Amino acid sequence: MKRMTVLSMGFFLAACTQNPPISNQSVDEKTLAETRSVATQLVSTLGATLKKEIAANGVASAIGVCNVTAPEIAASLSQQTNWQVGRVGTRARNPNNQPNDWQQAALKTFAERAAQGEKFEQMETYSVSQLNNRPTLLYAKAIGLQPMCVQCHGQSAQISEDVKVRLQALYPADKAIDYNVGELRGAVVIVRPF
Ligand code: HEC
């Protein structure tokens, strides 16, 4: 009961503040599949680049992949598609990656679905909203924490000193630590007029 109230409040707030009212227009399967594919592309490109850099030059050096390359990949995908493509965190490292109200509500449902046993790999949610007089898809795809991620997002003991120093210098307000493997870390988020 309490859960329901908080959840509907999330959607209520999303509808009243940052986002325009959610329309009841549905989205066709092709639009959805294209959007999903771009979200997956962001995750896989980033994961592969990160793995390669860690193997070649170590974790501290790979911070550059997340600090510079991650926003670049997202920007390049946004440019190619003319959509807004990005990442948000349940606790953000970069303050630019804080979820808006709709995204916050999406993360909340992801955490609840995970608690029911659903896997993050296929987990997504979306709504159709009216933005600038155009139907717009608001889309989120869950990102779970994998073993390699703890080197930069895990418990204090799992993060080496040189990595801590570098993260602290780049992100003085870092909240994206103390995550455990299998926990919801955030989401790929896309805003797409169609
Ligand atoms: C080498 C260190 C490093 C590793 C390993 C790493 N991250 Fe990150 N992560 C970062 C940094 C730095 C940022 C901030 C990026 C920015 O400024 O946009 C970040 C940001 C994020 C964000 C965006 C939200 C936020 O907090 O700003 C998500 C989501 C995320 N990481 C998920 C993951 C996942 C999942 C993994 C494992 C597959 C992972 N990260 C591995 C360093 C790392």
Side-chain angles (χ1 to χ4, degrees), residues 18 35-36 38-79 83-114 118-126 138-191:
Q18 251 159 305
T35 310
R36 183 183 297 132
V38 168
T40 308
Q41 208 179 316
L42 176 59
V43 173
S44 57
T45 310
L46 196 52
T49 314
L50 196 53
K51 243 180 228 156
K52 217 163 112 189
E53 182 62 23
I54 290 178
N57 298 310
V59 182
S61 162
I63 290 173
V65 170
C66 299
N67 175 234
V68 179
T69 316
E72 272 175 8
I73 297 172
S76 139
L77 285 172
S78 301
Q79 217 165 19
W83 315 336
Q84 291 168 38
V85 182
R87 291 189 306 168
V88 293
T90 49
R91 298 191 297 276
R93 170 155 288 162
N94 185 330
N96 295 339
N97 298 336
Q98 251 149 16
N100 66 21
D101 293 336
W102 184 86
Q103 292 158 355
Q104 189 89 58
L107 289 172
K108 197 167 172 8
T109 62
F110 287 160
E112 286 167 0
R113 284 160 64 178
E118 193 177 333
K119 298 271 169 268
F120 290 124
E121 285 72 37
Q122 310 294 329
M123 201 185 281
E124 64 176 11
T125 189
Y126 53 87
L138 309 177
Y139 175 91
K141 177 175 171 49
I143 302 175
L145 199 89
Q146 299 162 27
M148 74 175 273
C149 319
V150 301
Q151 301 172 99
C152 293
H153 294 296
Q155 309 296 323
S156 184
Q158 295 171 309
I159 307 176
S160 67
E161 277 314 309
D162 56 338
V163 170
K164 275 184 193 154
V165 168
R166 231 150 149 172
L167 286 175
Q168 187 58 41
L170 285 167
Y171 305 95
D174 188 5
K175 294 192 174 64
I177 50 161
D178 292 335
Y179 282 92
N180 297 309
V181 173
E183 197 179 333
L184 178 67
R185 170 67 190 92
V188 178
V189 288
I190 295 180
V191 177

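Remember, it's 1-based here, ligands and their atoms both numbered in the order they're listed. Keep in mind it's a predicted model, so treat the numbers as computed, not measured.
Contacts classified as salt bridge (charged side-chain N to carboxylate O under 4.0 Å, His left out) and involving residues 163-172 (residues at least two apart or in different chains) are given here: Glu161-Lys164. For residues 40-65, the set of pairs meeting the salt bridge (charged side-chain N to carboxylate O under 4.0 Å, His left out) definition, not counting sequence neighbours, is empty.
With sequence neighbours excluded, the residues forming a salt bridge (Lys or Arg N to Asp or Glu O under 4.0 Å) with Glu118 are Arg113, listed by chain and number.
Taking 4.0 Å as the cut-off, Leu145 does not count as a neighbour of ligand 1 on heavy-atom distance.
Excluding waters, the protein N/O/S atoms found under 2.8 Å from atom 8 (Fe) of ligand 1 are His153 NE2.
Looking from atom 21 (C) of ligand 1 to the surrounding protein, the closest heavy atom is Arg87 NH2, 3.4 Å. In terms of protein heavy atoms, atom 35 (C) of ligand 1 is closest to Ile143 CG2, 3.4 Å. In this structure, the protein non-hydrogen atom closest to atom 17 (O) of ligand 1 is Tyr171 OH, 2.6 Å. In terms of protein heavy-atom proximity, atom 27 (O) of ligand 1 is nearest to Asn97 ND2, 2.8 Å.
Those atoms of ligand 1 that come under 4.0 Å of a heavy atom in Gly144, given as number and element, are 35 (C). Close contacts between ligand 1 and Gly89 involve ligand atoms 24 (C) [criterion: under 4.0 Å to a heavy atom].
In this structure, the side chains of Val59 and Ser160 stay at 4.5 Å or more apart for every pair of heavy atoms.
A cation-pi arrangement is found for Arg91 relative to Tyr179, the charged atom lying closer than 6.0 Å to the ring centre and inside a 45° cone about the ring normal.
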